[in-house]
Amino acid sequence: MKNYDHSKIEKKWQKEWAKEKVFEAIENSDKPKFYGLIEFPYPSGAGLHVGHVRSNTAMDIITRKRRMEGFNVLYPIGWDAFGLPTENYAIKTGKQPALITKENTDNFRRQLQSIGFSFDWSREINTTDPKYYKWTQWIFLQMFKQGLAYKKKMTINWCPKDKIGLANEEVIAGCCERCGTAVEKREKEQWMLAITKYADRLDTDLDTVDYLPQIKTQQRNWIGKSEGAEIEFQVDKEKIKVFTTRPDTLFGVTFLAVSPELAQSWIDIGWQASETIKQYIKKTLADRLADGFDMKEKTGISAGFDAINPVNGEKVPVWIVNYVLGDVGTGAIMGVPAHDERDFEFAKKYNLEIKPAVIPRRIDHNNPHVSGKEVIFRKGIMAIIVNPKDNKILCLKWKKQPWTTFVMGGIEGDETSVEAAIREIREETGYKNIKLVRVLGGVIQTEFFAAHKDINRIAHTQPILFELENEERSDVSSDELAAYEVFWRDMKDITPETMTHAEMDIVLSRIACEEKSFNENGVLINSGQFDGLQSEEAKKAITDFVGGKMVTTYKLRDWVFSRQRYWGEPIPLIHCEACGYVPVPEKDLPVELPQVEKYEPTDNGESPLSAISSWVNVTCPTCGGQAKRETDTMPQWAGSSWYYLRYTDSKNDTEFADKKNLQHWTPVDWYNGGMEHTTLHVLYSRFWHKFLFDQGLVPTSEPYAKRTSHGLILAEGGVKMSKSVGNVVNPDEIITLYGADSLRLYEMFMGPFDQAIPWSTENIIGVRRFLEKVWRLQSKVESQKSIKSETNSRFELLLHQMIQKVSSDIEGMKFNTAVSAMMILLNECEKQENLNQNNFEIFLKLLSPFAPHITEEIWNELGHKNMLVLEPWPVTDVTKLVATIASVVVQVNGKVRGQVKVPVDTAESVVMSKVQAEETLQKWIRDKKITKVFYVPNRLINLVLEGD
RNA sequence: GCCGGAGUGGCGGAAUUGGUAUACGCGCACGACUCAAAAUCGUGUCUCGAAAGGGAUGAGGGUUCAAGUCCCUCCUCCGGCACCA
């Protein structure tokens with residue numbers, strides 16, 4: 001047997017696979033298709049990262065398995081090559097970006113090929129190739145024609161170092177995502193893409209795709225859909241429009257809060273505000289633009305006038321506040337301190353009125369309303385009495401009902417709730433000397449069947465906390481004595497489970513916390529004719545009543561699509577004085593990037609393209625007059641927004657992809673990528689795809705049927721890998737030392753695929769040893785010779801369990817446990833004297849997607865002429881899955897005391913007698929009576945003994 | 001602050017969803033082979049205990065015959081959003 005020479009073997013099979021084109025996807029195939037996709041890399045000068053290897057290997061395993069399962073597989077690769085690092089390098093060195101890109105992609109390609117990924121290299125694409133970006137420009141023009149691309153003067157985030165406008169999502173904590181420089185604000189005309197027009201579908205259509213739940217949640221949060229109402233408040237002859245999700249709380253409005261931006265706009269159109277107000281606005285706006293924008297405290301200033309609440313004509317003061325944002329909703333809100341945490345905090349600080357309009361509601365599901373019985377409304381109290389001596393709470397145990405309650409009662413005549421409570425305490429318990437601690441918030445509505453009165457009750461209950469002063473008691477009536485017994489219960493035993501009150505959860509949280517706003521839905525009070533309505537129905541009713549309208553808003557903003565840089569797709573528009581912005585005619589696409597001397601953006605913020613007059617000056621395609629090209633370029637996200645479509649037909653010159661190809665391949669069946677792309681790339685490409693779908697240009701409304709995500713690989717010690725720290729692992733070195741198969745296997749074995757894991761070069765030796773053992777196993781192979789059948793059937797049971805395990809682990813991306821299962825199988829193989837060749841080949845097939853080179857070589861050594869990659873995936877033979885012996889764990893009182901071996905599916909009584917016969921177990925059972933036995937067939941038996 | 005995810009040996013991590021906690025791998029220790037080393041193979045490796053046994057899955061409580069797994073309270077770490085009305 002030869003030695004395991006990984007570099008020889010790996011090069012050999014990479015060449016063979018390429019020669020035989022085994023990984024090229026086939027058009028017009030009868031097989032079912034599978035389209036597996038990884039995010040195409042940005043070819044940086046640093047070379048391939050081990051993180052790329054992790055994601056690519058995972059999808060490589062999946063696609064290799066699919067091929068073996070008989071699918072026509074598309075697993076393509078390309079380069080997302082526009083972007084800043086290349087351009088910055090060009091500025092520094094004067095080298096052409098295209099040249100830099102060529103060098104970097106050559107290096108990346110070499111690296112990827114050295115790992116043996118089963119990419120279809122014949123479809124390789126590059127976003128910086130004019131043949132590719134012709135279609136990026138073409139798609140942009142379709143959007144322009146549909147009015148989705150528009151120009152807008154706006155304050156942009158400007159990075160003074162990179163000299164580039166940044167999208168909101170590229171600003172992290174007030175700094176440039178790339179270089180960390182503090183971002184400035186600048187006024188600039190920008191091209192925008194109206195992604196907000198698709199906001200609703202981007203949200204709701206998430207229901208139709210199979211993305212990891214956290215990916216969906218993140219996208220939904222990002223889109224930030226919220227349904228509410230716009231309501232207008234009158235101020236003299238003007239109106240202030242507010243947006244609220246809680247129109248049901250309109251009766252609880254005690255002030256209006258407007259953003260400084262809105263207030264400033266009033267000043268701009270002539271509002272005579274005081275100097276103090278002007279200064280407040282100026283300062284607040286300045287604070288907000290400052291780096292970081294971390295508002296510590298809510299502040300505000302009275303605007304000096306009132307507005308009219310449209311629902312009841314009440315005057316409410318208008319405040320200018322720092323906690324309302326100009327670009328959210330209408331830039332103004334109604335202040336409802338009773339039902340909004342922020343308004344509550346603000347009202348407390350500035351002594352504004354707090355007026356409840358909604359109360360919590362609980363239905364007692366243990367004593368629900370009985371149909372046919374009368375429904376009686378009652379205002380009542382709930383008295384919670386603490387004995388400070390032992391911190392116990394007074395409770396009533398009802399004699400005729402299975403209830404445990406606090407002291408309860410109705411409010412009579414014109415007494416206050418506290419007076420009513422004190423009276424009830426005396427009547428029901430006799431305790432005379434009690435002291436009010438505090439009223440626990442507002443009333444709570446509960447609905448239950450009062451069996452002792454034979455009525456359905458809707459109660460508005462006021463919970464009140466008292467303290468016992470001393471234990472002096474007077475007599476209570478015989479009626480009361482007959483009804484319940486008084487007792488004291490530990491505070492810690494007062495829970496929603498131990499008490500009958502359905503509103504117990506609310507009461508407990510009010511005891512724990514002094515005072516807060518009630519922010520949930522409930523039942524309306526103090527709301528005129530809307531009293532008694534529930535929040536959900538009241539929202540629409542009140543909005544209608546005041547002539548407002550229900551609207552939906554989104555956090556998602558339109559996409560700033562212009563960059564004032566060189567290394568991007570030129571935006572294919574021409575500006576003509578007479579005709580405005582005119583698309584470059586289709587026949588003139590692509591608008592190619594011209595050669596320039598200097599790649600630096602100009603200091604006035606224009607792209608370097610603007611300096612090339614021969615390129616800029618053109619004739620207008622519409623009127624033939626003098627015109628200028630748009631000199632802004634597209635952001636890096638453009639080329640990646642549709643690249644998965646191009647793979648289906650990467651060389652097409654007449655369309656971005658042939659309809660037939662799109663029909664066959666889309667949607668992408670499985671897309672794996674980084675979590676960091678969830679709200680940017682994935683959302684952007686979904687938007688482009690939906691647009692293309694609306695234009696009838698693609699056959700599906702969603703691009704990716706399934707999206708999963710890998711965890712980061714951290715440097716040793718758990719910190720981020722970074723070039724500056726010098727802790728980056730170079731895959732080339734690992735491949736030279738241990739081989740590509742070891743690298744692949746290690747990255748799959750290192751830990752859960754979706755979790756961040758620190759790299760450990762030390763640990764690679766483990767998988768390398770494993771592969772060497774597999775290699776040596778060849779010498780044990782006996783072709784069909786008979787091997788002791790008993791040991792063999794045990795081995796085959798294990799083998800077929802492994803087929804199941806590895807297959808399902810791959811589907812669930814639990815690669816680490818799949819590898820460990822194969823290691824267990826290997827350890828078992830080593831114990832065997834001989835190995836049946838069939839069984840060994842099954843093992844090789846299971847391992848082949850993980851370590852394709854070594855398995856292909858061994859397969860070849862075993863005498864096969866065809867390639868392992870083309871072999872069918874092993875199928876579990878259920879007849880071999882039948883175990884004959886089960887070891888049943890014996891527990892006594894829940895503690896493991898031994899084990900008995902019995903035939904599978906043995907009855908409990910048989911197992912029991914075996915247990916009782918077992919000497920080692922007898923000492924545990926002896927003398928004691930077995931009160932109960934729990935038997936889980938083939939697994940466990942637990943004997944519960946008397947006593948103990 | 002809110003929403004997610006997680007806390008298990010010296011380390012990376014397993015645990016058929018409530019049924020033998022610590023699989024698999026690394027590391028470490030001892031042994032075999034060797035003049036020696038490497039490689040390889042074997043044995044051991046949560047903890048207290050001489051043993052019999054006991055105790056451990058971030059902390060505390062609960063449910064259960066049985067809890068890493070379910071419920072409550074708290075602590076820590078990692079991600080995302082951050083006054084979104």
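Quick note on labels: first sequence line is chain A, next is B, and so on, each numbered from 1. Just so it is clear, the values below take in all heavy atoms, side chains as well, and ignore hydrogens, waters and symmetry mates.
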- Does anything in residues 246-260 of chain A reach RNA chain B, meaning a heavy atom under 4.0 Å, and if so which residues? none
- Item | Validation row, ring centre Phe255(A) to ring centre Tyr350(A) under 6.0 Å | no
- What parts of residues 750-761 of chain A reach RNA chain B, counting only heavy atoms under 4.0 Å away? Met750(A), Pro752(A), Gln755(A), Ile757(A)
Any protein N or O atoms within reach of nucleotides 77-80 of chain B? Criterion: under 3.5 Å, listing atom names and distances.
none

- Query: Got a sec, which residues hit salt bridge (Lys or Arg N to Asp or Glu O under 4.0 Å) with Lys239(A), two or more places apart in sequence or on another chain?
  - Reply: Glu232(A)
- Task: Looking at every strand, decide which applies to Arg897(A) at a 4.0 Å heavy-atom threshold: base, sugar-phosphate, or nothing.
- Result: sugar-phosphate
- Message: Should the side chain of Lys555(A) and the base of rC81(B) be counted as holding a donor-acceptor pair, with the cut-off at 3.5 Å?
- Response: no
- For residues 933-943 of chain A, which residue pairs qualify under salt bridge (Lys or Arg N to Asp or Glu O under 4.0 Å), counting only residues two or more places apart or in two chains? none
- Touch class at under 4.0 angstrom, heavy-atom based, for Ile764(A) against every strand present: nothing
- Pick base, sugar-phosphate or nothing for Asp327(A), based on heavy-atom distances below 4.0 Å to the nucleic acid. nothing
- Would you classify Lys773(A) as touching base, sugar-phosphate or nothing, given that sugar-phosphate means primed atoms plus P, OP1 and OP2, and contacts are heavy atoms under 4.0 Å? sugar-phosphate
- Task: Please work out if Asp343(A) contacts a base, only the sugar-phosphate, or nothing of the nucleic acid, heavy-atom cut-off 4.0 Å.
- Result: nothing
Kindly give the atom pairs (protein nitrogen or oxygen, nucleotide nitrogen or oxygen) under 3.5 Å for nucleotides 65-69 of chain B.
{"unit_1": "rC65(B)", "atom_1": "O2'", "unit_2": "Asn942(A)", "atom_2": "ND2", "d": "3.4"}
{"unit_1": "rC65(B)", "atom_1": "O2", "unit_2": "Asn942(A)", "atom_2": "ND2", "d": "2.5"}

